[in-house]
Each structure stands twice: as structure tokens, then as C-alpha cells.
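Contents: one structure, followed by commentary.
Note that the numbering runs from 1 along the sequence shown for the chain.
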Amino acid sequence: MQLNTKIYDADLYPDHFDKIPDSILLLILNKLADIRSLGRCAAVSKRLNSLVPLVHDVYVKIDKVVSIDGDSDDYPFSNSHKPRAFFTTFFKLFANLLKPFNNAVNSSNKTLLPQVSQHTAHTPDQVLRNFHHIHNLCIELPSGDVGTEDGVVLKWKAEFGSTLQTCVILGGTLLDKKPVSMDRGGGAAVDDSGSIPESFYTNGGLKLRVVWTISSLIAASTRHYLLQPIIKDHPTLESVVLTDADGQGTLSMAGDQLREFREKPFAASAASSRRTQVPASNMKLRYAPYLELPGGTGMQGATLVSIKPTSGEGSSSSKKEVESFVRGAFDGLFKAAAKALIKKRTYLLEMNSF
């Protein structure tokens, strides 16, 4: 077999890629964001390898979490409500996350990120160490931190500075695609005053909501603690979002909150040295035995808990600001559920720091 080969003249076939300004390439790389894709780009050429560490927007998807024993004491509740994948003490990224970077060689013949073996695990701060200008960082965990029974809906969103500033938790014992009668599953109809039925206190309904609340706060404070080295090593950060593939919980920090985090010392929890202390807080609980949502969907045992510290930075937020945060915390059906629940009667509770 005869192979036809052609020799291309650089003058006749110039490389137009070299004509693209670095500023345009950086715009493209920022749109790409995904750290795996950035790693592949860094392996293409020395020019891209030098530009990848300069990107402003980075998205890190964690495929697997390494659990380390020792956090079970944080959950004084029954095993049926214990988190199934609660990131415990540390989360690590495995070699397949870093493979695209292994062949990315810069002008000094050093890899963009450290060479890894097949069995080496890396934490997010190690993966991000060679990115020097990150403004917006999003990290996605493989699953939610709080285990729930089948059919239970649980969502939370929290904002932190050096400590918790505000948190909202939305839960339901069942999300139905078809409307159900108000007495299905033993639920009682809401009276005109919107009062919580007596059965809520006697059938374990209140205890379950306490479990949801404490578990969500522990998950949020653990995520906050584990962001320390990343925030410390990246002074250019303007926003950080730590979420999960299940869409269960979201922790967010913005400009003022990041500055506060860097300037003020934060306290580790007395119960666990591997998470931030949750401050003493006021909680507002709203409940509906059944909540009809758009599209013929209904939520049984719908509960909304908004949490605000009794002192410190988070306590200075106005009622209007907190309600705005609650209304905008979720999307789709869950946004509609939060808006409906915020109109319900409010029950006030107090929580000590832990």
C-alpha cells in the first residue's frame, strides 16, 4: 500500500490559532471552566499550558469521596436518619480527575499539577494550587451529605462568612406527582389560622424536622471548614459555591463574606474539630400538612425552616433580607413551595451553638 503524504508550507498554510489574542483565549477558557477540560487544553500546547492557570472561573466535579471514620458522634439520632455519604472529615479527588494535567508541560518542563499514581488521592486545594487568578469557584460533590428515607425531600442553602450568616431548609415527607386528599397518610387539614395540628407533636413530626435541621447544619458547617485552605490560597476569589450532584445542599460565599472569613478567626465546633461551630440561632418554622404545587404536584409534610444567628454578622440582616434569601434559595417547584410556606404561620424556636 502506498501512502500519500503532503508537506505543508507554513507560508501557504499559516497557523491562524497563533493570531488569536491571549485575552480571547482566556475568555474561551473561562467559559469552559471545567477543570478536566482545562487540563486537556493545557496538554495541547505550551501556550495553552501557560494560559490555563490564569482562568478566572473554575468548576471542580468530585467523583468520589473518601470517608474517614470518627464523625458518628455528631449525630445523636437514630440510624435511620444518619447521613449516608456525609463527607465526614475530608473529601479527596482521585487520579482520574488529574490525568488530563499529567502531560501538560510548561516552559520549565514541569507539570502544571503534580504527577500522580493510579492510587494517589488529591484534595481540592491541591488540585487548584496552580490556578493563581480564580475569581469564581464551584465545587460539586458526588452526592448530598444528609441521608433521608425513600421519598423524603430535603433541600438546604446556607451563606457563611467566618461563621453561619443565614440558612434555609426545605423538607417534605413525600413529593407526589398527582394531587392527594388532605387526609392521606394521616395528615390533618390546616385550619383557617394555619396552626400546626396536634399530631405533628405526637407522631414524631417535630423530631424529624429537628433531625433535618441539625443534620443540614452539620453538613453546611463541615463544608465551610473544608474550604479553609482553598480560600487562604486564593486571595482573588470573589465567589465560592459548594454544592452536590443530588442538588440537596448549597453553601455559598461572596465578596464581603470571603473578606470576613480571611480577617476574622473562626471557631471549630466543640463536638468536632473538623467543622465550623454553628452559632446560637433563632429559627422560624413554617409547616403545612399538604402543599399543592404547580403542575399537579403536591408535597406532604411540607416544612420550611429559616435560621439566623442571634449575634454576630448574620444577626444584622434585616427581616426583609432574610425573607428575600428564603424566597430565592431554591428553583422550580421548590421555589414555589418556599414562597407558599413563607406565608404560613411562623413558629419561633431557639437553638444553642454546637
Side-chain angles (χ1 to χ4, degrees), residues 146 153-173 175 190-196 200 205-206 208-210 212-217 219-221 223-224 239-243 247-258 260-261 278-294 297-353:
V146 183
V153 176
L154 183 63
K155 304 281 182 181
W156 60 265
K157 184 173 182 179
E159 287 189 341
F160 278 78
S162 60
T163 186
L164 177 70
Q165 290 191 352
T166 185
C167 180
V168 59
I169 299 164
L170 175 68
T173 53
L175 192 67
V190 181
D191 60 27
D192 292 339
S193 66
S195 300
I196 292 179
F200 181 78
L206 179 59
L208 177 61
R209 273 68 182 181
V210 171
W212 289 350
T213 300
I214 299 299
S215 298
S216 297
L217 287 171
S221 62
R223 292 188 187 188
H224 181 247
S239 71
V240 177
V241 175
L242 212 170
T243 185
Q248 182 185 84
T250 300
L251 180 151
S252 64
M253 300 175 71
D256 291 340
Q257 295 159 332
L258 289 166
E260 180 199 330
F261 183 88
V278 177
S281 303
N282 291 323
M283 300 190 295
K284 293 183 178 180
L285 184 146
R286 299 169 176 92
Y287 173 79
Y290 181 79
L291 198 63
E292 189 169 347
L293 301 173
T297 302
M299 182 183 290
Q300 295 189 42
T303 308
L304 185 72
V305 180
S306 56
I307 302 165
K308 177 181 173 183
T310 54
S311 62
E313 291 292 331
S315 64
S316 62
S317 301
S318 67
K319 178 180 177 181
K320 188 174 182 180
E321 288 174 331
V322 174
E323 288 196 0
S324 177
F325 173 77
V326 171
R327 292 176 185 273
F330 309 108
D331 297 320
L333 288 175
F334 305 111
K335 185 182 185 74
K339 285 185 174 181
L341 284 167
I342 207 169
K343 300 175 183 177
K344 301 292 183 180
R345 173 176 286 189
T346 300
Y347 292 82
L348 300 177
L349 301 98
E350 292 184 355
M351 177 182 67
N352 294 327
S353 62

Please name the pair of heavy atoms, one in [X] and one in [Y], separated by the smallest distance, quoted to 0.1 Å.
X	Y	result
Arg209	Gly301	NH2-O, 2.7 Å
Ala288	Lys344	CB-CE, 4.1 Å
Leu333	Pro294	CD2-O, 3.3 Å
Ala329	Val168	CB-CG1, 3.4 Å
Gly161	Glu260	CA-OE1, 3.9 Å
Thr213	Ile169	CA-CD1, 3.6 Å

With the side chain counted from C-beta on, respond yes when Cys167 and Leu217 share a heavy-atom pair under 4.5 Å apart, and no when they do not.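 Contact flag for Cys167/Leu217 side chains = yes.
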
Does any part of the side chain of Lys157, heavy atoms only, come nearer than 4.5 Å to the side chain of Phe325, both counted from C-beta?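 A side-chain contact under 4.5 Å exists here.
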
Flag, side chain of [X] to backbone of [Y], donor-acceptor distance under 3.5 Å:
X	Y	answer
Tyr347	Ile196	yes
Thr310	Ala280	yes
Thr173	Gln300	yes

Evaluate the ring planes of Tyr287 and Phe200, with Trp represented by its six-membered ring, and classify them as parallel (under 30°), tilted (30 to 60°) or perpendicular (over 60°).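 Tyr287 and Phe200: tilted rings.
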
Regarding Thr166 and Glu159, do their side chains bring together a donor and an acceptor under 3.5 Å, going by distance alone?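 Not at all, the side chains of Thr166 and Glu159 share no donor-acceptor pair under 3.5 Å.
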
Quick one: list whatever passes side-chain contact (heavy atoms from CB on, under 4.5 Å) with [X], sequence neighbours left out.
X	answer
Lys335	Lys339
Ala340	Leu291
Leu349	Met283, Leu285

In sequence, state the C-alpha distance, the side-chain angles, and the governing distance for Glu350 and Asn282, and then conclude on side chain to side chain contact (heavy atoms under 4.5 Å, CB included). CA-CA 5 Å; Glu350 292 184 355; Asn282 291 323; 3.7 Å; yes

[atom1]/[X] to [atom2]/[Y] distance, rounded to the nearest 0.5 angstrom?
X	Y	atom1	atom2	value
Arg327	Leu304	CZ	CG	10.0 Å
Thr250	Trp156	OG1	CH2	7.0 Å
Leu154	Ser216	CG	OG	4.5 Å
His224	Leu242	NE2	CG	11.0 Å

How far apart are the C-alpha atoms of Val305 and Trp212, what are their side-chain angles, what is the distance that settles it, and do they pass the side chain to side chain contact (heavy atoms under 4.5 Å, CB included) test? CA-CA 10 Å; Val305 180; Trp212 289 350; over 6 Å; no

Between Lys284 and Lys308, is a side chain to side chain contact (heavy atoms under 4.5 Å, CB included) present by the stated rule, with each step listed? CA-CA 9 Å; Lys284 293 183 178 180; Lys308 177 181 173 183; over 6 Å; no

Step by step, work out the side chain to side chain contact (heavy atoms under 4.5 Å, CB included) result for Leu175 and Thr297. CA-CA 7 Å; Leu175 192 67; Thr297 302; 3.8 Å; yes

Over-ring placement of Lys155 relative to Phe330, 6.0 Å and 45° cut-offs: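 Ring-cation test returns no.
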
